[in-house]
Amino acid sequence: MFKNPILLLSLSLTGGIALWGIADTAGLAEFSSTVVGIMFNSRGWFIMLTACLLVYLCIWLAFSKYGSIRLGKDDDRPEFSTVSWLTMLFAAGMGVGLLYFGSAEPLFHYKSFLPNMSQPDAAQNALFATNFHWGFHAWAIYATVGLIIAYFSFRKGTPNLISAPIRHVFGDRGWPKWVGGFSDLMAITAIAIGVGGSIAIGVFQVQAGVESLFGLEKSGMTISLVIFGMLIIAYLGPLTVDLGKGMAVLSNTAMAIAGCLMFFVILAGPTHYIMGGIMGGAGEYFSRVLTQGFHTLTFYDEVAGNWFQSWTLTYMVWWLAWSPFVGVFIARISKGRTIKEFILGVVLVPSIFSIFWFGVFGSVGFYGVLETDVAILDVIDNHIDSTTFFVLDKLPFSDLTIGATVIAAFLFVVTSVVSAAFVLSMFSSGGDLNPSTKTKLVWGGILGALGLVMIFSNSIAAVKSIIALGALPFVYIVLLIAVCFIKELRKETFK
């Protein structure tokens with residue numbers, strides 16, 4: 001493990017960031033915010049162009065002659081059932097974010113748009129913006145990285161490393177060797193920082209649920225650290241068992257809770273209003289999604305520009321930050337599937353679920369704003385991580401649903417850490433599909449340390465900027481490995 005120079009560099013880099021964050025959390029947050037702001041101002045258009053190109057690449061691959069190519073030998077078949085496969089990739093890819101932002105993000109955008117739009121238009125555009133952030137573009141980023149790694153690993157016999165496509169196509173001497181090493185280093189760093197942010201978001205969400213259940217207000221860092229400690233204990237166990245026994249069980253359970261919660265809100269809330277919101281949101285999304293990615297709000301005022309950077313650009317970089325671990329993890333569980341099956345499963349199914357999810361929680365939030373006098377917008381201003389629980393508290397059986405949401409959020413974070421530690425361990429062992437328990441536990445500890453840094457920041461804005469800082473180099477790396485993939489695909493022969 002420790003004979004790998006890339007691993008040693010990544011441990012030093014991520015460890016240094018963790019120490020910096022613990023010693024001077026505000027300084028790290030300010031530094032990351034400054035660097036990310038400079039990058040967004042100068043290269044925001046390129047980030048959006050990259051995300052759009054990956055969407056179109058996925059569409060082309062799914063419906064081209066290459067869609068029939070199997071990720072592995074021609075007679076390989078999937079290791080996991082379709083249901084387990086979908087729940088594992090979804091839980092690893094987003095999970096707790098859906099619970100955190102379900103009602104909060106549409107309402108935040110609504111409030112931002114309201115000065116320049118009527119209430120109905122602000123609500124419609126807020127729901128579209130949310131669906132855009134969590135839909136095709138996010139999952140196309142994941143799918144592209146996962147597909148490339150799966151193709152080279154299972155069909156070409158390369159290690160499960162981000163650098164593998166570069167070295168396979170261009171050789172392992174000269175610039176490909178150095179660029180490949182840099183790619184692995186940035187992938188490990190992006191994974192570690194990104195999952196550290198996911199841990200913090202999960203802790204904030206669980207803490208808000210505990211406060212809601214027990215009537216606490218601003219319980220402070222003590223409760224955060226208790227929840228964090230419980231989380232560490234919870235994910236160490238699954239790291240010691242087989243992937244199918246650990247990750248599959250946790251992700252299936254979390255997704256089952258989330259699915260039941262969504263259907264409960266539909267039935268217990270204003271059903272006709274919610275279903276209308278889902279239909280309207282879906283129609284608006286599918287009619288605009290393929291062109292919206294090219295809108296960079298260049299000619300708008302500073303307020304619009306700041307919103308675009310804080311949300312749309314941040315999300316695109318956020319998905320890029322998570323794409324090494326989510327992509328490699330999805331690749332690991334996708335052996336034997338065809339390219340078409342892979343893309344439709346990874347891009348289409350989770351995106352449709354997200355549209356339903358935000359349609360449900362966004363619509364019930366808008367109902368509170370537009371049809372009642374519930375002061376839900378005040379929650380957005382003062383305690384955004386409590387928004388989901390505020391909404392559930394207005395529906396029947398609130399103690400039960402809030403408790404279920406807390407459990408689901410906790411499990412989603414555990415699945416994210418388990419999958420990330422698994423992928424980092426694969427990198428640490430040269431792409432080994434079944435890394436040792438010791439290596440997984442080491443990475444579990446490092447991810448916990450980075451999560452602690454994010455928790456100390458006590459700010460979602462700071463978490464977002466630190467995640468983006470780790471992901472910025474990957475904007476260019478993902479395009480390079482996509483070029484490698486296309487070059488290799490052209491060599492395929494068809495019967």
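Checked against the 6.0 Å centroid threshold, Phe46 and Tyr476 count as a close aromatic pair. Between Tyr315 and Trp319, the ring center distance clears the sub-6.0 Å criterion. Two rings, from Trp357 and Phe361, have their centers less than 6.0 Å apart. With ring centers used as reference points, Phe358 lies 6.0 Å or more from Phe101.
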Point to revise | Test log, rule side chain to side chain contact (heavy atoms under 4.5 Å, CB included), inputs Trp443 and Ile446 | key: CA-CA 5 Å; Trp443 275 114; Ile446 294 172; 3.8 Å; yes
Check your understanding: Given the rule in the side chain to side chain contact (heavy atoms under 4.5 Å, CB included) test, do Phe308 and Met48 qualify, once you have shown the distances and angles that lead to the verdict?
Key -> CA-CA 11 Å; Phe308 178 69; Met48 293 307 302; 3.8 Å; yes
Practice item. Under the side chain to side chain contact (heavy atoms under 4.5 Å, CB included) rule, what do Trp45 and Thr298 come out as? Steps first, then yes or no, please. Key: CA-CA 9 Å; Trp45 64 271; Thr298 302; over 6 Å; no
Exercise for review: Run the numbers on Ile47 and Phe40 for side chain to side chain contact (heavy atoms under 4.5 Å, CB included), then give the verdict.
Suggested key: CA-CA 8 Å; Ile47 294 170; Phe40 280 178; 3.8 Å; yes
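Checked by atom type and distance alone, the side chain of Thr158 pairs as donor or acceptor with a backbone atom of Phe152 at under 3.5 Å. Listed for the Ser310 side chain is no donor-acceptor partner under 3.5 Å among the backbone atoms of Trp307. Of the possible donor and acceptor atoms, none in the side chain of Arg337 sits under 3.5 Å from a partner among the backbone N and O of Arg70. Judged purely by atom type and a 3.5 angstrom limit, Tyr66 has no side-chain atom pairing as donor or acceptor with the backbone of Trp60.
Rounding to the nearest 0.5 angstrom, the gap separating the CD1 atom in Ile148 from the OG atom in Ser323 is 10.0 Å. The structure places CG of Leu54 at 10.5 Å from CG of Leu61, a figure rounded to the nearest 0.5 Å. Remark: Ile343 CD1 to Thr338 OG1 distance equals 9.0 Å, nearest 0.5 Å. The structure places CD1 of Ile481 at 13.5 Å from CD of Glu488, a figure rounded to the nearest 0.5 Å. Here the SG-CG distance, from Cys58 to Leu147, works out to 7.0 Å after rounding to the nearest 0.5 Å. The CG atom of Leu344 sits 8.5 Å away from atom CD of Glu341, with the distance rounded to the nearest 0.5 Å.
Trp134 and Glu105 share a donor-acceptor pair across their side chains, judged by distance under 3.5 Å alone. No hydrogens or angles considered: a donor-acceptor pair under 3.5 Å links the side chains of Gln309 and Asn41. Side chains of His133 and Trp318: no donor on one and acceptor on the other come within 3.5 Å.
Residue Arg490 places its CZ atom among 12 or fewer non-hydrogen atoms of other residues, nucleotides or ligands, all under 6.0 Å distant. Heavy atoms from other residues, nucleotides or ligands lying under 6.0 Å from NZ of Lys156 number more than 12. The 12-atom threshold is not exceeded at CZ of Phe356, counting heavy atoms of other residues, nucleotides or ligands nearer than 6.0 Å. Within 6.0 Å of atom CH2 in Trp175, more than 12 heavy atoms from other residues, nucleotides or ligands are found, so the atom counts as buried in its surroundings.
Between Ile149 and Ile162, the closest side-chain pair of non-hydrogen atoms falls below 4.5 Å. Phe263 has its side chain out of reach of Val360: every pair of non-hydrogen atoms, C-beta onward, lies at least 4.5 Å apart. Side-chain contact between Leu424 and Val442 is absent, with no heavy-atom pair separated by less than 4.5 Å. Two residues are said to be in side-chain contact when any heavy atoms from C-beta on lie closer than 4.5 Å; Arg155 and Ile69 meet this criterion. Between Val169 and Phe485, the closest side-chain pair of non-hydrogen atoms is not below 4.5 Å. In this structure, Ser183 and Ile166 have side chains that are in contact, with non-hydrogen atoms separated by less than 4.5 Å. Between Leu489 and Ile339, some side-chain heavy-atom pair lies under the 4.5 Å cut-off. Side-chain contact between Leu348 and Trp139: absent, with no pair of heavy atoms (C-beta onward) separated by less than 4.5 Å.
Closest approach of Ser354 and Asn131 over heavy atoms only: O-OD1, 4.1 Å. Nearest heavy-atom pair, Leu297 versus Ala304, reported as atom, atom and distance to 0.1 Å: CD1-O, 3.7 Å. Taking all atoms of both residues into account, the shortest heavy-atom contact from Phe170 to Cys484 is CE1-SG, 3.4 Å. The two residues Leu313 and Gly44 come nearest to each other via the heavy atoms CD2-O, 3.5 Å. The minimum heavy-atom distance between Ala51 and Met316, with the atom names listed, is CB-SD, 3.8 Å. Here the closest heavy-atom approach between residue Phe154 and residue Ala331 is recorded as CE1-O, 2.9 Å.
Annotation: cation-pi geometry not satisfied between Arg288 and Phe132 (NZ/CZ under 6.0 angstrom from ring centroid, within 45° of ring axis).
Relative orientation of the Tyr285 and Phe128 rings is tilted, given thresholds of 30° and 60° on the angle between their planes.
A side chain to side chain contact (heavy atoms under 4.5 Å, CB included) with Thr144 holds for exactly one of Thr50, Val346, Leu57; it is Leu57.
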